[in-house]
Engineer: 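My structure is below; once you've seen it, I'll send some questions.
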2 protein chains.
Amino acid sequence: MNGVGIRDVARLAGVSITTVSHVLNDTPQTRVSAETRARVRAAAAQLGYGPNRAARALRTNRSGLIGLLSEEIATTPHAGRIILGAQDAARAHDLTLVIVNAERESSGGSHRDDVQTLIDRQVEAVLYATMYHREVSVPANLRDVPAVLIDATDRDGLLPAVVPDEVGGAVAAVTHLVEAGHRRIGFLNNVDDVPATHERLVGYKQVLHRHGIVAEDRLILQAPSETRPGHALAREVLAGDDRPTALFCYNDRMAMGAYQAAAELGLDIPRDLSIVGFDNQELIAANLFPGLTTVALPHYEMGEWAVEMLVHLLSGDADHKRLPDGPTRLHCPLVTRGSVAAPREPRKA
Amino acid sequence: MNGVGIRDVARLAGVSITTVSHVLNDTPQTRVSAETRARVRAAAAQLGYGPNRAARALRTNRSGLIGLLSEEIATTPHAGRIILGAQDAARAHDLTLVIVNAERESSGGSHRDDVQTLIDRQVEAVLYATMYHREVSVPANLRDVPAVLIDATDRDGLLPAVVPDEVGGAVAAVTHLVEAGHRRIGFLNNVDDVPATHERLVGYKQVLHRHGIVAEDRLILQAPSETRPGHALAREVLAGDDRPTALFCYNDRMAMGAYQAAAELGLDIPRDLSIVGFDNQELIAANLFPGLTTVALPHYEMGEWAVEMLVHLLSGDADHKRLPDGPTRLHCPLVTRGSVAAPREPRKA
DNA sequence: TTGAAAGCGCTAACAT
DNA sequence: ATGTTAGCGCTTTCAA
């Protein structure tokens with residue numbers, strides 16, 4: 001592409017190609033005079049030299065590529081943030097990210113071919129990212145390369161993994177509500193048997209307990225995590241006289257349903273009802289009135305973390321298998337918009 | 001990675017590495033007996049041989065990489081569909097897609113560095129995709145490699161480009177409304193000076209004209225293409241007595257605002273008011289009640305088209321610069337959900 | 001402190 | 001119809 005090779009630099013600098021290589025790669029254990037280094041650097045810069053990666057890859061047997069296997073990149077903006085984080089981290093290590101989209105697999109036959117595609121493309125390692133936080137059993141050929149899981153945990157617990165701190169996120173959300181003065185806080189939870197369902201509930205209860213509020217079963221409802229069921233649940237929990245003054249929703253879609261329910265019931269958000277969501281789906285959260293206060297998933301950070309872990313693995317320091325015992329949990333920050341206010345009746349109506 | 005090289009295959013098949021190369025690459029002008037071919041193929045399969053791409057790249061001076069420079073991959077699901085289309089097409093040609101996320105640039109200094117990143121990574125060609133359909137002036141270094149524009153046109157008109165057929169999409173939307181029996185159809189348009197604003201208006205007028213309906217200025221409103229302004233516009237146009245029975249919205253976010261306005265006005269969708277959006281943002285369109293009938297942008301198809309064009313360019317047939325005069329326009333299909341019905345008063349109230 | 005030279009795995013021009 | 005061989009541009013051992 002460029003035409004200029006290491007030889008051109010060597011010629012211009014008046015040294016051997018070996019020296020150029022040493023200088024440009026900061027090869028350790030090689031003493032080159034400061035003067036020569038400068039000359040080489042200048043020559044390289046002047047010529048706009050960049051290494052031929054194929055040649056380097058061939059010689060070093062390192063492709064400089066890492067693969068990211070991502071489920072359903074197409075339908076979720078979340079995947080985008082993971083990619084972004086991975087991308088940035090990869091670039092910082094002069095690695096190139098190769099992405100492969102995988103269909104969302106229902107059961108076992110999980111992505112063997114997609115992993116193979118990556119391996120065929122000679123990636124040095126692979127990132128395996130799922131669409132939502134869950135436990136997976138990874139394809140067997142993933143054992144052929146260093147691998148890190150993103151937003152997923154390995155059923156066999158062998159691979160390093162990074163996931164959101166669901167409990168912490170829920171704690172942040174509900175604490176925010178409690179600190180605004182709410183004590184009757186409903187929880188519109190998901191029904192799926194996934195970590196988020198269980199852990200967000202744990203966080204919810206933890207906060208209530210910490211503040212001496214008894215968790216009422218009546219206030220904890222479950223339905224599929226979609227807008228419509230969220231709407232139904234909200235109508236239900238908002239029906240009685242002693243309705244909650246705030247709702248913590250499993251995700252932003254359910255919160256969207258709650259908004260609709262509130263509108264139908266003539267309840268003003270946040271004056272009559274405060275709502276906190278989860279996921280921070282911009283398209284929803286920012287387009288609702290008022291803006292939805294919600295908890296953000298650390299997608300960018302997980303992508304970043306995973307690449308760093310991969311680099312670590314690749315560097316060989318991995319011999320000291322310093323893998324933490326369980327998956328690494330990353331903080332889920334609260335994103336404040338306009339859907340939370342003090343309850344109407346500060347202390348009982 | 002794999003350990004098995006062309007030599008191993010040659011040895012197992014009892015032929016020279018040349019023959020293996022010829023067979024496996026289907027090198028033209030090379031006569032190899034069917035029997036030998038079979039033997040080589042079998043040996044390769046048996047060993048699970050895959051070519052070392054670095055070696056091949058070094059030798060052929062083709063990296064097998066193509067770059068996709070995408071604006072704001074992170075915040076829009078649209079980018080995901082472009083990637084997917086490009087990905088699939090690339091894979092079909094045994095090409096690997098390298099993606100680079102670019103910040104959304106306001107003015108001139110457009111993405112020079114991002115293009116350079118790709119060039120440094122030795123991509124053979126680059127796809128340049130913008131976040132929404134518009135005219136750009138591409139960075140100068142994009143002239144150094146074959147390039148194709150996605151969802152954008154080149155100010156200088158030199159690069160092949162593929163964009164959505166905005167007029168056609170609007171025609172499909174409004175025709176759908178007219179065929180449902182509507183004659184008073186409002187258009188909540190964008191204000192930005194972008195192709196979509198102008199062309200969707202053209203499509204809207206075209207359909208009205210074709211059906212002998214006079215376009216009333218009163219029914220054509222403009223505002224920023226967000227939920228809130230959409231809401232305001234809808235309130236405005238829905239205020240009078242002879243309000244429109246249907247609304248064509250510039251995008252799904254504005255349509256979302258229109259839904260809210262309808263709810264406030266006690267108008268049932270689609271009984272009292274039909275709505276068609278544009279963009280098919282799943283997160284919005286599928287989560288509204290009723291589901292929003294809207295027009296889909298051909299993101300996947302544009303990504304696909306662009307890679308095919310690139311391959312064509314790369315193949316050298318490009319000498320016959322068979323570039324169509326303007327950008328290629330791809331069809332925007334209507335996606336029917338539940339927001340359109342016949343108007344309440346079939347022929348005047 | 002610097003340089004000569006081998007060779008990574010493959011393709012393709014040129015034998016045979 | 002098949003085989004020999006010369007590099008592609010780089011890193012790295014080894015020698016000077």
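Order of the sequence lines sets the chain letters (A, B, ...), proteins ahead of strands, with each chain counted from 1.
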Engineer: To the nearest Å, give me how far apart CZ (R53(A)) and P (dG9(C)) are.
Structural biologist: 21 Å
Engineer: For residues L95(B) and I66(B), report the shortest heavy-atom separation together with the two atoms involved.
Structural biologist: CG-CG2, 4.0 Å
Engineer: Tell me the interatomic distance from N61(B), atom CG, to dC10(C), atom P, rounded to whole angstroms.
Structural biologist: 18 Å
Engineer: Expressed as a whole number of angstroms, how long is the span from D94(B):CG to dC10(C):P?
Structural biologist: 14 Å
Engineer: What integer distance in Å separates I6(B):CD1 from dT11(C):C1'?
Structural biologist: 8 Å
Engineer: Send over the distance from L47(B) CG to dG9(C) P, rounded to a whole Å.
Structural biologist: 15 Å
Engineer: Hey, are D26(B) and R41(B) close enough for a salt bridge, meaning a charged N less than 4.0 Å from a carboxylate O?
Structural biologist: yes
Engineer: Given dT11(C), is OP1 or OP2 found less than 4.0 Å from the side-chain N or O atoms of N25(B)?
Structural biologist: yes
Engineer: Which pairs pass side-chain hydrogen bond (donor to acceptor under 3.5 Å, both in side chains) with one or both residues in residues 138-156 of chain A, sequence neighbours excluded?
Structural biologist: Q116(A)-N141(A), E135(A)-R155(A)
Engineer: For the side chain of S70(B) and the backbone of A129(B), is there at least one donor-acceptor N/O pair under 3.5 Å apart?
Structural biologist: no
Engineer: Over its full length, what angle do the end axes of the helix from dT1(C)-dA16(D) to dT16(C)-dA1(D) make, each axis taken from five pairs and the result rounded to 10 degrees?
Structural biologist: 40°
Engineer: Would you indicate whether the side-chain heavy atoms of V162(A) and L330(A) approach each other to under 4.5 Å?
Structural biologist: yes
Engineer: When you match T60(A) and T60(B) each to their closest nucleotide on DNA chain D, which lands nearer the 5' end?
Structural biologist: T60(B)
Engineer: Is R11(A) salt-bridged to D8(A), going by a charged N under 4.0 Å from an acidic O?
Structural biologist: yes
Engineer: Kindly say if Y49(B) contacts the phosphate of dG9(C), meaning a side-chain N or O under 4.0 Å from OP1 or OP2.
Structural biologist: no
Engineer: From the list dG9(C), dT11(C), dA6(C), which nucleotide is the closest neighbour of the side chain of N52(B)?
Structural biologist: dG9(C)
Engineer: Roughly how many Å is it from CZ in R7(A) to P in dG7(D), rounded to a whole number?
Structural biologist: 11 Å
Engineer: Looking at CE of M309(B) and CG of L314(B), how far apart are the two atoms once the value is rounded to the nearest 0.5 Å?
Structural biologist: 12.0 Å
Engineer: Nearest-Å distance, CG (L58(A)) to P (dT11(C))?
Structural biologist: 12 Å
Engineer: Provide, to the nearest angstrom, the distance between the CZ atom belonging to R56(B) and the C1' atom belonging to dG9(C).
Structural biologist: 11 Å
Engineer: Is it true that R134(B) and E71(B) make a salt bridge, defined as a side-chain N closer than 4.0 Å to a carboxylate O?
Structural biologist: yes
Engineer: Distance check, rounded to the nearest 0.5 Å: D120(B) atom CG versus D113(B) atom CG?
Structural biologist: 10.0 Å
Engineer: Hey, what are the protein-to-nucleotides 2-4 of chain D N/O distances that come in under 3.5 Å?
Structural biologist:
residue : atom : partner : partner atom : Å
dT2(D)  : OP1  : T36(B)  : OG1          : 2.8
dT2(D)  : OP2  : S33(B)  : N            : 2.7
dT2(D)  : OP2  : S33(B)  : OG           : 3.4
dT2(D)  : OP2  : T36(B)  : OG1          : 3.3
dG3(D)  : OP2  : S16(B)  : N            : 2.8
dG3(D)  : OP2  : S16(B)  : OG           : 3.2
dG3(D)  : OP2  : T19(B)  : OG1          : 3.0
dT4(D)  : O4   : T18(B)  : OG1          : 2.5

